[in-house]
Chemist: 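Got a structure here, written out as structure tokens. Questions coming.
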Amino acid sequence: MLKDPSLDGRFGEFGGRFVPETLVPACQELEAAFRDAWADPAFREELDDLLRDYAGRPSILTECHNLGKQLGIRLLLKREDLNHTGSHKINSVLGQVLLAKRMGKKRIVAETGAGQHGVASATAAALLGLSCKVYMGEIDVQRQALNVFRMKLLGAEVVPAVSGSRTLKDAVNEAMRDWVATVEDTYYAIGSVMGPHPYPWMVRTFQSVIGQEASEQCHSLLDGKDPDVVVAAVGGGSNAIGIFSGFVDTKARLIGVEPAGGAAVGKGMPGVVHGMRSYLMQDEHGQVEEAQSISAGLDYPGVGPEHSYLASIGRAEYPCVNDAEVISAFQVMSRSEGIIPALECAHPMAWIIREAPKMQGQTILMNLSGRGDKDVAQMMEILDGQV
Ligand SMILES: *Cc1c(COP(=O)(O)O)cnc(C)c1O
């Protein structure tokens with residue numbers, strides 16, 4: 001099992017709670033409420049019921065016979081793409097919105113980049129009867145018109161963040177600002193394993209269902225053995241930590257793949273952003289740099305603090321892949337297996353294709369964190385209709 005953070009929310013030297021004084025009591029209230037809920041069998045049962053009957057869990061494990069043969073490896077996919085709303089995000093959002101309700105909150109605020117977490121939050125809020133406001137960078141609002149419309153259909157209000165670079169990191173700032181002013185009746189649903197304590201730990205706990213299921217599924221498929229390598233995409237790091245949690249005690253290599261233009265662990269330096277200390281892309285003056293990649297869902301300049309910790313102790317590795325490798329992997333996977341992946345998970349796929357010659361005969365488990373429907377229009381443009 002992954003270790004719990006220290007009482008002040010640290011994973012080694014990372015994490016913590018770097019927030020304005022007005023938010024300290026809110027974080028403390030949330031931490032107490034989460035500890036209480038997680039220890040309560042009734043809460044766990046309600047969440048399990050929702051995950052099963054609404055989100056569609058357990059997600060299946062698919063062996064890729066075609067690609068595996070081509071690459072000389074055994075390739076298994078954990079199918080988070082088959083969840084309701086199309087990715088792993090629903091796992092954490094159902095837990096958080098259920099917790100918000102238990103805390104007596106009436107309103108959800110959330111940030112979103114490409115719109116996937118916004119859609120998941122709006123979905124859970126609609127289901128559980130809370131109002132929902134989603135902050136989204138103005139540039140992303142223009143780029144992701146379809147997801148904006150989806151959130152509105154689901155009854156959420158979408159507010160463009162007009163400060164700074166008008167992308168994800170500004171949306172996080174504005175959602176936090178909203179929360180500071182409305183904390184009495186409002187719950188802030190964070191989209192990844194980031195932010196001040198207890199968020200990285202809480203979101204990891206909700207996402208660990210991926211790793212638990214995958215561990216059992218691998219044992220039954222592999223005669224009690226574990227895979228040699230477990231690999232996932234890393235934006236903030238929630239789907240990766242979710243699947244890692246099932247294998248951290250095994251001998252499996254744990255690989256989190258970042259985009260070359262957003263390699264927080266690979267190229268960043270420790271710094272403080274959004275309430276946490278973690279690896280962060282920053283310039284020589286300590287200013288946060290913009291992440292830049294083909295996949296809007298991975299365009300986050302930081303990374304969850306537990307990944308920084310796992311990197312610092314050498315338990316997990318964080319290589320990166322470039323956009324050209326990702327575009328190629330996206331097509332390879334579609335053609336070889338009949339599965340169109342989200343662009344985010346074309347990143348771990350690209351890493352597997354590149355590294356396969358060094359992993360001959362090994363069993364590789366990849367977390368397929370989401371489906372590619374949302375990326376098809378963008379790929380059509382990139383490939384100019386030529387496939
Ligand atoms: C949001 C998203 C990611 C990146 O977020 P993590 O917190 O790093 O998991 C990856 N894949 C998909 C499909 C997503 O929607």
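Both ligands and their constituent atoms are indexed starting at 1 by order of listing.
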Chemist: Output, or 'none' if empty, a list of ligand 1-protein atom pairs in which both atoms are N or O and the distance is under 3.5 Å, rounded to 0.1 Å.
Modeler:
from, atom 1, to, atom 2, distance (Å)
ligand 1, 7 (O), S192, OG, 2.6
ligand 1, 7 (O), G237, N, 3.3
ligand 1, 7 (O), S238, N, 2.8
ligand 1, 7 (O), S238, OG, 2.7
ligand 1, 8 (O), G235, N, 2.7
ligand 1, 8 (O), G236, N, 3.2
ligand 1, 8 (O), G237, N, 2.7
ligand 1, 9 (O), H88, NE2, 3.0
ligand 1, 9 (O), S238, N, 3.4
ligand 1, 9 (O), S238, OG, 3.3
ligand 1, 9 (O), N239, N, 2.9
ligand 1, 9 (O), N239, ND2, 2.7
ligand 1, 11 (N), S369, OG, 2.8
ligand 1, 15 (O), K89, NZ, 2.6

Chemist: Under a 3.5 Å cutoff, is there a donor and acceptor pairing between the side chains of S163 and N173?
Modeler: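 No, no side-chain donor-acceptor pair sits under 3.5 Å.
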
Chemist: With a 3.5 Å cut-off and no angle check, do the side chains of R107 and T186 form a donor-acceptor pair?
Modeler: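 Looking only at side-chain atoms, T186 and R107 do form a donor-acceptor pair, the distance falling under 3.5 Å.
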
Chemist: Please round to the nearest 0.5 Å and tell me the distance separating atom CD of Q360 and atom CZ of R74.
Modeler: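 The CD atom of Q360 sits 15.0 Å away from the CZ atom of R74.
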
Chemist: Does one side chain, of E290 or T167, offer a donor that lies under 3.5 Å from an acceptor on the other?
Modeler: yes

Chemist: Do S293 and S295 have a side chain donor and acceptor closer than 3.5 Å?
Modeler: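 Judged by distance alone, the side chains do not pair up.
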
Chemist: Whether K225 and D223 form a salt bridge (side-chain N of Lys/Arg under 4.0 Å from carboxylate O of Asp/Glu) is what I want to check.
Modeler: no

